[in-house]
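Scroll down for the structure; my scribbles are underneath it.
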Amino acid sequence: MKVRCFHPWNVTPQEALMIQAHMRDAVIPRGRVSRPALIAGADAAFDLEKNQIYAALVVLSFPALEIVETVVHRTRLRFPYIPGLLSFREAPALLGAFERLRHDPDVIVIDGHGHSHPRQTGIACHIGLCLDRPVIGCAKSRLIGEFREPGQDRGARAKLYNEHGA
DNA sequence: GCGACAG
DNA sequence: ATCTTGTCGC
């Protein structure tokens, strides 16, 4: 895939905050993908001893969910884990993997939050801007906001509220 | 000052 | 994230 990022990655946390402020207006927070033929999933694993991050991608056909392509890309870790700045730690490796991806997914699922972020610029938003593709943030726990635990059924949902509402 | 805090 | 010990449910 073509990766177009509009800022450097070798930045300080303070600079990262300014980049997020700049990104905020470019994000399209909602949308719909009509008939995806290919969907991609991405996650990262670490070797802290070697200071390495492993970005893994899988492309699936949809709705059959057959594996079409996989990519693993290893790079050096250059940024610490700071809540709210996750993308500056993980996105460089993930985007390196996406550069090697031959298929062109219609939608991407990323580990971590997207719009549900203190500055509405979580890693899903960041990756979406760099790839110019729809991305669904799929985090396993809360970063910000208040919610009632949803039910266990498939499709169960709950609204996430900020200090004002919505 | 204290607690919260994606991965 | 990753690791390790202890508990719970099937």
Side-chain angles (χ1 to χ4, degrees), chain A residues 3 5 7-31 39-59 70-101 105 107-131 133-166:
Chain A
V3 176
C5 226
H7 69 80
W9 288 104
N10 194 10
V11 296
T12 65
Q14 291 76 8
E15 294 169 328
L17 290 174
M18 309 204 70
I19 292 168
Q20 288 187 334
H22 186 48
M23 287 195 298
R24 184 173 180 167
D25 309 300
V27 175
I28 302 170
R30 312 186 63 74
I39 65 177
D43 199 358
F46 300 83
D47 184 336
L48 288 333
E49 305 286 280
K50 295 181 178 175
N51 217 43
Q52 300 277 293
I53 175 170
Y54 298 79
L57 266 39
V58 62
V59 177
T70 63
V71 172
V72 176
H73 184 237
R74 175 180 59 79
T75 61
R76 254 183 79 94
L77 270 173
R78 300 187 184 192
F79 200 88
Y81 170 65
I82 301 172
L85 299 180
L86 176 68
S87 62
F88 291 87
R89 180 168 173 82
E90 296 194 352
L94 291 170
L95 292 172
F98 275 110
E99 271 178 346
R100 272 142 217 200
L101 197 63
V107 59
I108 298 163
V109 181
I110 290 275
D111 63 288
H113 287 99
H115 192 252
S116 50
H117 174 279
R119 294 165 294 282
Q120 293 75 55
T121 48
I123 189 169
C125 298
H126 207 150
I127 296 284
L129 290 177
C130 293
L131 297 179
R133 279 271 186 290
V135 175
I136 298 171
C138 184
K140 299 180 290 299
S141 64
R142 181 192 75 99
L143 173 60
I144 198 172
E146 301 273 313
F147 68 98
R148 298 172 355 210
E149 194 66 38
Q152 302 302 289
D153 313 333
R154 174 193 294 210
R157 54 181 155 167
K159 212 168 167 184
L160 184 64
Y161 299 90
N162 61 34
E163 49 279 337
H164 309 306

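Labels below follow one simple rule: chain letters A, B, ... track the order of the sequence lines, proteins then strands, and each chain is numbered from 1.
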Exercise. Given side-chain contact (heavy atoms from CB on, under 4.5 Å), test A/Arg89 with A/Phe46 step by step and report yes or no.
Key: CA-CA 11 Å; A/Arg89 180 168 173 82; A/Phe46 300 83; 3.9 Å; yes
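Considering only heavy atoms from C-beta on, A/Gln20 comes within 4.5 Å of A/His117 through its side chain. A/Leu94 has its side chain out of reach of A/Asp43: every pair of non-hydrogen atoms, C-beta onward, lies at least 4.5 Å apart. At a threshold of 4.5 Å between non-hydrogen side-chain atoms, the residues A/Val59 and A/Leu101 count as touching. A/Leu131 places a side-chain heavy atom less than 4.5 Å from the side chain of A/Val3.
Ring to ring, A/His73 and A/Phe98 are not that close: their centroids are 6.0 angstrom or more apart. Here A/His7 and A/His126 bring their ring centres to under 6.0 angstrom of each other.
The only member of A/Asn162, A/Leu143, A/Leu85 that meets side-chain contact (heavy atoms from CB on, under 4.5 Å) when paired with A/Pro118 is A/Leu143.
The CG atom of A/Asp111 sits 7.0 Å away from atom CG of A/Leu86, with the distance rounded to the nearest 0.5 Å. For the atom pair A/Ser87 OG and A/Ile82 CD1, the distance stands at 11.0 Å (nearest 0.5 Å).
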Quiz prompt | B/S/- contact track for nucleotides 2-7 of chain C, protein heavy atom under 4.0 Å | solution = S-----
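Taken together, the pairs of DNA chain C form no segment extending over three or more consecutive Watson-Crick or G-U pairs closer than 3.5 Å at both contacts.
Using a 4.0 Å cutoff to heavy atoms of chain A, the contacted part of DNA chain B runs 5' to 3' from B/dA4 to B/dG7.
Qualifying salt bridge (Lys or Arg N to Asp or Glu O under 4.0 Å) partners for A/Arg133, counting only residues two or more places apart in sequence or in other chains: A/Asp104.
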Quiz item: In dot-bracket form, how is DNA chain B paired, counting a Watson-Crick or G-U wobble pair only if both its distances are under 3.5 Å and using | for bases paired to another strand?
Solution: .......
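Base engagement by A/Gly84 is indicated by at least one non-hydrogen atom pair under 4.0 Å involving a base atom. Using a 4.0 Å heavy-atom distance criterion, A/Leu94 is classed as making no nucleic acid contact. A/Ile123 comes within 4.0 angstrom of a nucleotide base, judged by non-hydrogen atoms across all strands.
Between the side chain of A/Asn51 and the backbone N or O of A/Leu77 there is at least one donor-acceptor pair closer than 3.5 Å.
Evaluation of the side-chain hydrogen bond (donor to acceptor under 3.5 Å, both in side chains) test over residues 146-158 of chain A, restricted to residues two or more places apart or in two chains, returns none.
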